[in-house]
Amino acid sequence: VIRGEVVTLKKLQVLLLASLLTVYVSDAYSQSIGRTIPQSLAAAGTSLNGAVTTPSGPAPSMDIVVRQTDVILSGIIGESRSYLSKDQREVYTDYTILKPVFLYSRSLVTSSKPEIPRETLVTLAGGTISINGLTFTLIHQALPSLEPNTECLFLLKRVDDKYHIVETYYGAFSIADGKLHPLAKKWGFAREYENVSAVVAVAAIVDRVNTSK
Amino acid sequence: MNAFKCKPKFLTQESNIVRLEPVTAPDKVKIYLPDTMSGATTALEAAVNSWNAALPSGVQFEIVSAECSLGPACIHVVTIPGQTLCGNAYKLWNSSGLITEGQIQLRTDWNTYTSNGLKRTFAHELGHFLGLDNSDIPACGVDDAVMQDDFDCAPNTTTKLVSPTLNDTLPVGNSTYGGKPTAACGW
């Protein structure tokens with residue numbers, strides 16, 4: 001009976017592995033459909049613009065955003081540089097953050113060897129690049145770009161060696177007129193911070209991230 | 001039900017509406033739904049039939065199960081892990097505003113959407129390929145306009161199904177979908 005159970009468990013493990021592989025293959029297949037950006041440019045033979053429309057559906061709650069936050073950073077938007085992603089299907093833009101202030105770092109909370117983040121780059125999806133003399137501009141309509149010299153607050157997630165905006169669009173806020181304003185162009189997002197001062201809103205977000213871990 | 005109760009908003013490239021190039025009848029713009037997503041066929045058919053009935057000429061859609069060559073006459077339905085809401089459209093276009101390729105991108109768990117939520121998602125995202133942008137919120141109620149993007153597709157939610165109708169004034173301007181004058185409602 002015991003041996004039978006072991007065999008059953010092994011079968012279950014194989015089945016689980018197979019089902020995971022199926023899910024992976026399905027996603028990989030879906031992602032592999034379509035051309036890379038260089039292939040699209042070559043096929044069109046002309047410069048191209050592109051847009052990823054603002055996702056349809058209700059705006060996510062701040063709870064979803066804070067749960068994924070690795071770093072909270074404030075600072076001033078500086079220079080930017082756009083580049084092609086490794087899989088050549090996306091354009092990213094790295095923004096230099098001037099006068100950076102790290103308000104939270106997950107590694108300081110959870111690691112036995114905490115590291116103080118020194119990176120002052122924030123990565124956004126979208127941007128403009130040039131390939132073989134042709135220009136390719138990709139705009140994510142929910143968060144097209146960051147305005148230079150704007151004071152911002154970012155909730156960031158570590159992806160490889162970069163800090164990306166949490167949930168692609170929703171972890172970016174500007175600080176202006178003493179208020180915190182979500183930069184994501186999605187109606188209804190982060191409305192709880194609409195009528196409070198930026199100082200109070202930032203403190204509340206940092207507290208929320210701390211208590212969500 | 002009026003699909004465009006509010007003033008329609010268009011995505012433009014300079015003065016051109018970003019749009020699909022009309023194909024010559026009986027050809028249609030193909031929408032490739034892979035076998036792995038065959039469970040979405042009924043919902044996609046409902047959205048396609050609504051748009052086809054509402055579009056008098058120029059662009060008509062058809063669903064295909066064999067992969068078509070990506071281009072202006074073929075839109076791929078795909079899933080992407082990074083999508084966390086209902087869906088979105090991805091499109092590339094040239095300097096004239098003509099779409100050269102496109103995708104409708106859904107969450108990987110699209111099969112958990114409600115029936116109406118999935119239909120509404122397809123109808124909404126197809127509208128983006130006809131030049132339409134999201135409607136203004138809250139001026140446009142979620143029950144009033146197919147291009148209002150605040151509908152829900154999550155399990156146990158209620159989504160009012162909104163479809164374009166023959167009475168709607170559909171995208172015109174420098175596209176040829178409707179052929180109606182551009183005076184009313186700002187266009």
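Note: hydrogens, waters and symmetry copies are ignored here, and every other heavy atom, side chains too, is used. Throughout, protein chains are lettered first and strands after them, A, B, ... in sequence-line order, and every chain is numbered starting at 1.
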Could you pull out the closest heavy-atom pair between [X] and [Y], with the gap in Å?
X	Y	result
A:A59	B:D150	N-OD1, 4.1 Å
B:N134	A:T54	ND2-CB, 3.7 Å
B:F151	A:P58	O-CD, 3.1 Å
B:C86	A:G57	SG-CA, 3.7 Å

Sort [X] into side chain, backbone, both or neither according to what part of it lies under 4.5 angstrom from a heavy atom of chain B.
X	result
A:A142	neither
A:Y169	neither
A:I64	neither
A:S47	backbone

Original post:
For chain B, which of A:N49, A:V52, A:T168 has the most heavy-atom pairs under 4.5 Å?
Top reply: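 Result: the option with the highest number of such pairs is A:N49.
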Original post:
Hey, does B:L85 have a side-chain heavy atom less than 4.5 Å from the side chain of A:K186?
Top reply: yes
Heavy-atom neighbours of [X] [atom1] exceed 12 at 6.0 Å:
X	atom1	answer
A:D177	CG	no
A:K162	NZ	yes
A:I139	CD1	no

Going from [atom1] on [X] to [atom2] on [Y], what distance comes out if it is rounded to the nearest 0.5 angstrom?
X	Y	atom1	atom2	result
A:R89	B:Y90	CZ	OH	9.0 Å
B:K91	A:T53	NZ	OG1	7.0 Å
A:Q141	B:D149	CD	CG	10.5 Å
A:T46	B:W93	OG1	CH2	13.5 Å

Original post:
Run the side-chain contact (heavy atoms from CB on, under 4.5 Å) check on A:S56 and B:N88 step by step: do they pass?
Top reply: CA-CA 6 Å; A:S56 54; B:N88 63 269; over 6 Å; no
